[in-house]
Amino acid sequence: MSALVLTHVTKRYGTRLVLDDISLELARGARLGLIGPAASGKSVLLKLVAGLEQPDAGTITVLGDTITRPHVREVDLGELRKRIGMLFQSYALFDFLDVAGNVAFPLEQRGGIPAAEIAERVAARLRAVGLAGSERKLVGELSGGMKKRTGIARATVADAELVLYDEPTAGLDPVTTQKIYDLLAADQQRTGASVLAVSSDVAALAELVDEIAFLYRGKIVYRGPARSIRDAPDPLVRQFVRGELDGPLTEAIG
Amino acid sequence: MTGLGAAALRLCRELGGMLVLAGSVLRALVPPRLDRRELAKNLHKMGNRSVPIVVLTAFFAGALMMLQSGPFVKKLGATSLAGWGAGYAVLREIGPILIALMFSGRVGANTTAELATMTVTEQLDGLRALAIDPIRYLIVPRVLSMIAMLAVLTVIGDAVAIGGAAVVGRLMLDIEWSTLFHSFADNLEPADFLHGVWKSLAFGGAIAIASCYFGVSVRGGTVGVGRAVNAAVVASAVSILVLDFFVTYVSAP
């Protein structure tokens, strides 16, 4: 069974077409990276998959459940969302809780998990992302990198079946970036979770995922193996990944 | 003309949005599954911390009522009615309205700013992504706390305002304590007190819905937070005065 199926999904904001008739499938346990120019709809696609936004057309099936209207309402998504972990680009940390409170939150809200086990899992997760000793810090006291790592810890603490990462290493230094990708890869190996990750750091992303899809002007114009993404047959993708100034992408976006 | 139409449409959209939010809050109360920590935190923050400002405002409001009416009462030799005049105005009108306006400025504006900041930083989406309903988790405790605490603060304010009126009556207008006491006790009725409490419940609901609605419907990033607070304070003040008219009309003696 697939972890994720998008069928002819279209999303508009006003007159702006953000996603244009996208179809996409992700097998259980598979890892897909999503790249593309700024404002190409990558984050919107993640929000659609998490059920935080509804498409204007098309259907989305996540872990076997169709999450698009009229098949489902917001109130029906609760159980499914417990099986999904999500890291937001803007962290979306709760500023009324400290670091440990944020990471513990998904476990506490599930109910039925003993407090001692929650504390143990939170401590282990914070150690893994290099935040041991920062448990009692409030969100406002954290640097951008620390917020990102807290967000990663919160997204992965509950061992979700599908994990959505929106720019997991933006704002982190190269060493921490590598550590985080190693951690995410190890987590995925351990849990077997399906991964859909958006990142601008294509080289690091290629270490985490099996395949990379290129989103351009609302459409997925390329999907291929992550390891050979630099040599993708599509010149748009090659120019984007290599960061070259001259090429069809520059001509298209000016 | 186009501007007038756009303003009318905006007003309808906002009124409709507030009604939908009020409906969602009522629906979330059945069955009543509340986050008790969040409720207790809001009750404390909205109630306890508002007591000093309410006491200060109410004391001077009561004192002012006596200061305005006292000289005429004395001139007409009707000192036995001095306490009643001030008390009647305080319990039925001045107390509930003034305290509601103070509450809206302090608690309502704070709630809007807090929710709007959470909205623009995607914390509400963060809650939804973790299978938490933001209405049930954030809005319902705030609405219940505002309604309950405004009623409690109005009762406290009523008592303090009557005290303020009595102090001014005795110290500045030289009316005997016993005269003031009998003036309050013999002429004011439980209905006068309850009239103000009913109003405070209605005002609390209006402030709560307006402040939460403008908080969660904020647009335009951090700049929008200021606009949302402004809109919430204006909407609350207008709602208080409109509701005051209708509650008074419906329950007029």
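What you see below is based on every heavy atom in this structure, not just the backbone, and it leaves out hydrogens, waters and symmetry mates. Letters A, B, ... mirror the listed sequences (proteins, then strands); counts begin at 1.
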CE of A/M86 to CG of B/L130: how many Å apart, nearest 0.5 Å?
-> 10.5 Å
Distance (rounded to the nearest 0.5 Å) between A/Q109 CD and B/D35 CG = 6.5 Å
Does the side chain of A/L93 come within less than 4.5 Å of B/Q123's, by heavy atoms?
-> no
Looking only at heavy atoms, what is the nearest atom pair of B/A131 and A/G78, with distance?
-> CB-O, 3.2 Å
Nearest heavy atoms of B/R37 and A/E108, plus distance in Å | NH2-OE1, 4.0 Å
Should the ring pair A/F96 and B/Y137 be called parallel, tilted or perpendicular, given that the plane angle runs from 0 to 90° and is split at 30 and 60?
-> tilted
Taking non-hydrogen atoms and a cut-off under 4.5 angstrom, which of residues 43-52 of chain A neighbour chain B?
->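 Within residues 43-52 of chain A, the residues that come under 4.5 Å of chain B (heavy atoms only) are A/K47, A/G51, A/L52.
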Has B/K45 got more than 12 heavy atoms of other residues, nucleotides or ligands less than 6.0 Å from its NZ?
->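 Buried by this count: over 12 neighbours within 6.0 Å.
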CD (A/Q54) with more than 12 external heavy atoms under 6.0 Å = yes
Between [X] and chain B, which part of the residue has a heavy atom less than 4.5 Å away: side chain, backbone, both or neither?
{"X": "A/F94", "value": "both"}
{"X": "A/R110", "value": "neither"}
{"X": "A/F105", "value": "side chain"}

Where on B/L124 is there a heavy atom nearer than 4.5 Å to chain A: the side chain, the backbone, both, or neither?
->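 When you check distances to chain A, no heavy atom of B/L124 falls under 4.5 Å.
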